[in-house]
Amino acid sequence: MKTLTAGEHAPQFTLTNQYGEPVSLADKLAQGPVLVYFYPKASTPGCTVQACGLNDSLPQLAQHAVTVLGISPDPVAKLLRFADKQQLRFDLLSDEDHHIADAFGVWGEKKFMGRTYDGIHRLSFLIGQDGKVSHVFDKFKTKDHHQVVLTQLAQ
């Protein structure tokens with residue numbers, strides 16, 4: 001697993017959001033910087049706390065013209081249920097074949113309760129309008145993720 005680092009070009013992608021609509025990174029970058037955050041599984045406690053924190057911070061992120069895109073290997077229908085239940089106001093994208101997670105270097109071996117399996121590592125990438133990764137967020141608690149991002153944007 002070779003994770004993208006700051007200064008590298010982010011892989012371009014188009015994925016389907018929770019409403020079954022295509023969303024491309026290029027289109028979002030045309031509007032400003034993009035926070036691409038990868039999360040393991042919709043509707044789990046950690047992923048819910050992380051998504052809700054970002055959702056509540058959308059006004060502050062908008063002050064920096066940042067768009068949020070959440071990516072998981074969940075199917076579109078599950079993303080819609082998650083977004084509706086939590087009243088999320090940003091795109092959740094389905095990467096069922098984990099092709100984009102592979103491209104960003106966030107898909108790999110994980111261990112949980114003595115079990116080893118492949119899955120998404122919880123990382124986020126702030127991508128500038130030039131298409132380059134300006135910051136990688138890899139050390140944070142899910143409940144603090146939004147604040148870590150806002151602190152970085154304020155620098």
Side-chain angles (χ1 to χ4, degrees), residues 1-19 21-42 44 46-74 76 79 82-83 86 88-112 117-155:
M1 185 173 101
K2 186 197 173 308
T3 304
L4 286 181
T5 58
E8 291 186 280
H9 280 280
Q12 292 299 309
F13 62 81
T14 299
L15 292 171
T16 305
N17 71 5
Q18 67 265 38
Y19 305 110
E21 302 164 341
V23 173
S24 79
L25 179 59
D27 289 347
K28 296 298 181 181
L29 285 173
Q31 302 165 24
V34 176
L35 177 70
V36 175
Y37 86 97
F38 289 88
Y39 63 99
K41 193 172 183 179
T44 57
C47 295
T48 299
V49 166
Q50 183 179 18
C52 290
L54 288 168
N55 197 57
D56 292 346
S57 298
L58 287 175
Q60 294 94 319
L61 292 166
Q63 290 174 356
H64 298 277
V66 172
T67 299
V68 175
L69 298 176
I71 300 178
S72 77
D74 294 308
V76 170
L79 296 178
F82 181 45
Q86 301 304 326
L88 301 177
R89 300 180 317 269
F90 57 87
D91 286 312
L92 299 177
L93 306 178
S94 177
D95 185 24
E96 286 189 84
D97 64 2
H98 57 83
H99 181 73
I100 302 308
D102 281 331
F104 275 78
V106 300
W107 184 268
E109 187 175 280
K110 297 176 76 170
K111 293 182 181 184
F112 182 69
Y117 61 96
D118 285 337
I120 283 188
H121 290 256
R122 193 183 302 274
L123 285 116
S124 299
F125 301 84
L126 186 60
I127 303 168
Q129 283 191 275
D130 61 359
K132 290 183 180 178
V133 175
S134 61
H135 194 82
V136 179
F137 301 94
D138 59 354
K139 296 192 182 350
F140 57 85
K141 291 184 179 0
T142 55
K143 67 181 178 63
D144 300 329
H145 181 236
H146 63 286
Q147 192 55 56
V148 170
V149 172
L150 290 171
T151 299
Q152 176 63 34
L153 289 170
Q155 294 181 358

Is there a donor-acceptor pair under 3.5 Å between the side chain of Ser24 and the backbone N or O of Asp27?
yes

Is the shortest heavy-atom distance from the side chain of Ile71 to the side chain of Val36 under 4.5 Å?
yes

Report yes if the side chains of Phe125 and Thr3 come closer than 4.5 Å at any heavy-atom pair, otherwise no.
yes

Should the pair His145 and Phe137 be assigned to parallel (<30°), tilted (30 to 60°) or perpendicular (>60°) ring geometry?
perpendicular

Quick check: does any side chain N or O of His121 sit under 3.5 Å from a backbone N or O of Glu109, one acting as donor and the other as acceptor?
yes

Are any side-chain N or O atoms of Lys143 and backbone N or O atoms of Gln50, one a donor and one an acceptor, separated by less than 3.5 Å?
no

Step by step, would you call Asp91 with Lys28 a salt bridge (charged side-chain N to carboxylate O under 4.0 Å, His left out)?
CA-CA 11 Å; Asp91 286 312; Lys28 296 298 181 181; 3.6 Å; yes

Is any side-chain heavy atom of Val23 closer than 4.5 Å to one of Thr14?
no

Any side-chain heavy-atom pair from Cys47 and Arg122 closer than 4.5 angstrom?
yes

Test of understanding: with side-chain contact (heavy atoms from CB on, under 4.5 Å), list the residues that count as partners of Asp56, not counting sequence neighbours.
none

Looking at Asn55 and Arg89, would you say the former's side chain and the latter's main chain have a donor-acceptor pair under 3.5 Å?
yes

Would you check if the side chain of Asp74 reaches a backbone N or O of Ala42 as a donor-acceptor pair within less than 3.5 Å?
yes

Atom NZ of residue position Lys110 - does it have more than 12 heavy atoms of other residues, nucleotides or ligands inside 6.0 Å?
yes

Would a 4.5 Å heavy-atom cut-off, applied to side chains only, mark Pro22 and Leu15 as touching?
no

Using 30° and 60° as the class limits, which term best fits the ring planes of Phe104 and Phe13: parallel, tilted or perpendicular?
perpendicular

Heavy-atom distance under 4.5 Å between the side chains of Gln12 and Leu29, does that happen here?
yes

Judged by modelled atom types alone, do Thr5 and Glu8 share a side-chain donor-acceptor pair under 3.5 Å?
yes

Quick one: does Asp144's side chain have a donor or acceptor within less than 3.5 Å of a partner on Val148's backbone?
no

